[in-house]
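Here the structure is laid out as structure tokens; the discussion comes afterwards.
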Amino acid sequence: MSTSGDHKFDVCVVGSCNVDLISYVNRTPKIGETIEGNKFEKGFGGKGANQCVQAAKLDGKVAMIGKLGDDVFGQDYLENLKKLGVNTDHVLVTKEAATGVAPIIVDKEGRNSIIVILGANLLLNEDDIQKAEDVIRQSKVVVCQLEIRQETVAKTFEIARKHSVLTILNPAPMSEKLDRNLLRMADVICPNQTEAELLCDRSVETIEDAKDACRKLLELGSRIAIITMGEQGAVILDESGQCEHVKIEKCSSVCDSTGAGDSFVGTLALLMASEKKLALKEQVKRACRVASQSVEKKGTQTSYPLKDELRFNLFE
């Protein structure tokens with residue numbers, strides 16, 4: 001079993017690293033249409049690495065477990081993680097596939113459309129996770145998403161449970177082929193509205209809908225359910241059985257919403273790892289505030305606020 005003295009890392013993220021290829025346009029093109037864009041940028045993304053980077057930018061001690069291609073994108077990505085102070089001992093490089101990429105279109109309202117080509121991410125396997133057991137054991141919280149193989153996620157949660165490490169599953173991107181056993185293996189399930197609809201096979205439009213969906217998620221085996229609801233905030237439910245709506249302040253300006261959900265998950269993981277045991281509702285509220293601040297700037301990881309850029313004290 002883990003003891004607090006064993007914890008070298010606040011958060012360990014097992015997941016994807018993708019290079020974002022971002023085109024800024026006035027509007028999304030129709031099928032068969034060519035339009036002129038306003039600007040192009042290359043950035044670092046992937047749901048796993050995004051969550052990892054947000055926790056690191058908030059001064060968390062963070063480790064990343066993932067797989068990159070043996071190419072320029074992969075080299076750049078590894079440098080980016082190291083520069084941010086992330087432990088990369090188990091960010092592996094393969095010659096068998098290219099680094100994952102995500103072409104993204106962002107319109108003038110800040111809405112995005114994304115294509116993800118996962119490449120090397122899908123080669124992260126159970127054997128890689130077994131070799132990283134020490135990193136998982138030395139972490140307070142382990143986070144997974146679904147841009148890697150589900151068997152890899154299951155192995156991660158199996159090792160985390162063996163060492164009594166808290167686990168968070170962000171079921172994104174959601175697949176109808178999801179192995180429902182993952183819900184029983186994770187301590188915390190954290191979908192957005194769309195993902196919750198697919199998981200629970202019901203509409204999640206209103207706060208009441210989300211409360212019903214949270215109850216369903218606990219029936220499916222999770223210990224804590226958190227459904228993010230965009231501008232409506234979030235709905236939470238833990239073992240106490242009390243469903244709560246976490247309201248958030250409206251954003252002053254939305255520039256680019258890309259990666260906001262990952263900002264939320266990365267912040268939440270760090271708050272859950274904190275020695276200051278805030279109530280779940282307060283943890284979720286603060287994670288929402290950080291994510292809201294991230295949409296005010298362009299880009300993905302570049303839009304994530306540093307701890308000293310926050311408009312509030314994260315841990316007090």
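Since this is a predicted model, take the numbers as computed values, not measurements.
A cation-pi arrangement is found for Arg289 relative to Phe312, the charged atom lying closer than 6.0 Å to the ring centre and inside a 45° cone about the ring normal.
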**Prompt:** Given the rule in the ring-ring contact (aromatic ring centres under 6.0 Å, His included) test, do Phe44 and Tyr77 qualify, once you have shown the distances and angles that lead to the verdict?
**Reply:** CA-CA 7 Å; Phe44 298 105; Tyr77 215 117; 4.9 Å; yes

Item to complete: Step by step, work out the side-chain contact (heavy atoms from CB on, under 4.5 Å) result for Val101 and Asn18.
Response: CA-CA 5 Å; Val101 292; Asn18 296 322; 5.8 Å; no

**Prompt:** Step by step, would you call Asn38 with Asn26 a side-chain contact (heavy atoms from CB on, under 4.5 Å)?
**Reply:** CA-CA 8 Å; Asn38 302 322; Asn26 288 331; 3.2 Å; yes

Full working for side-chain contact (heavy atoms from CB on, under 4.5 Å) between Glu197 and Ser203:
CA-CA 5 Å; Glu197 286 182 348; Ser203 171; 4.0 Å; yes

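Checked by atom type, the side-chain pair Gln145/Asn170 shows no donor-acceptor distance below 3.5 Å. A donor and an acceptor atom, one from each side chain of His163 and Glu133, are located under 3.5 Å apart. Under 3.5 Å, the side chains of Gln293 and Glu296 contain no donor-acceptor pair of N or O atoms. Defined by atom type and a distance below 3.5 Å, a donor-acceptor pair is missing between the side-chain atoms of Thr152 and Asn125. One side chain, Asp187 or Thr167, offers a donor N or O that lies under 3.5 Å from an acceptor on the other.
For CD of Glu96, the number of neighbouring non-hydrogen atoms (other residues, nucleotides, ligands) closer than 6.0 Å is 12 at most.
Note that CD of Gln242 and CG of Leu280 are 11.0 Å apart. Values are rounded to the nearest 0.5 Å. A distance of 11.5 Å separates CZ of Phe264 from CG of Asp262, quoted to the nearest 0.5 Å. Considering CD1 of Ile148 and CG of Asn121, their distance stands at 8.0 Å, rounded to 0.5 Å. In this structure, CG in Leu314 is found 9.5 Å from CG in Asp59, a value given to the nearest 0.5 Å.
A salt bridge is absent between Lys276 and Glu282: the closest approach of a Lys/Arg side-chain nitrogen to an acidic carboxylate oxygen does not fall below 4.0 angstrom. By the 4.0 Å N-to-carboxylate-O rule, Lys39 lies close enough to Glu41 to be salt-bridged with it. Checked for salt-bridge contact, Glu239 and Arg223 meet the test: a charged N lies under 4.0 Å from a carboxylate O. With respect to Asp128 and Lys131, no salt bridge is recorded, no charged nitrogen being found less than 4.0 Å from a carboxylate O. For Glu244 and Lys211, the salt-bridge test fails: no basic side-chain N is under 4.0 Å from an acidic carboxylate O. Salt bridge annotation for Glu158-Lys155: present, with a cationic side-chain nitrogen under 4.0 angstrom from a carboxylate oxygen. Using a cut-off of 4.0 Å between Lys/Arg side-chain N and Asp/Glu carboxylate O, Arg27 and Asp107 are scored as not salt-bridged. Taking a cutoff of 4.0 Å between a charged side-chain nitrogen and a carboxylate oxygen, Glu219 and Arg215 do not qualify as a salt bridge.
Val265 is not connected to Phe9 by any chain of hydrophobic side-chain contacts under 4.5 Å among Ile, Leu, Val, Met, Phe, Trp and Tyr, and they are in different clusters.
Counting only distance, with no hydrogens or angles, the side chain of Ser16 and the backbone of Lys47 share a donor-acceptor pair below 3.5 Å. For the pair Ser303 (side chain) and Ser294 (backbone), a donor-acceptor distance under 3.5 Å is present. Between the side chain of Tyr304 and the main chain of Gly259, a donor-acceptor pair closer than 3.5 Å is present.
In this structure, Leu237 and Leu217 have side chains that are not in contact, with every pair of non-hydrogen atoms separated by 4.5 Å or more.
What you find for Val284 and Ala234 is that their closest heavy atoms are CG1-CB, 3.7 Å.
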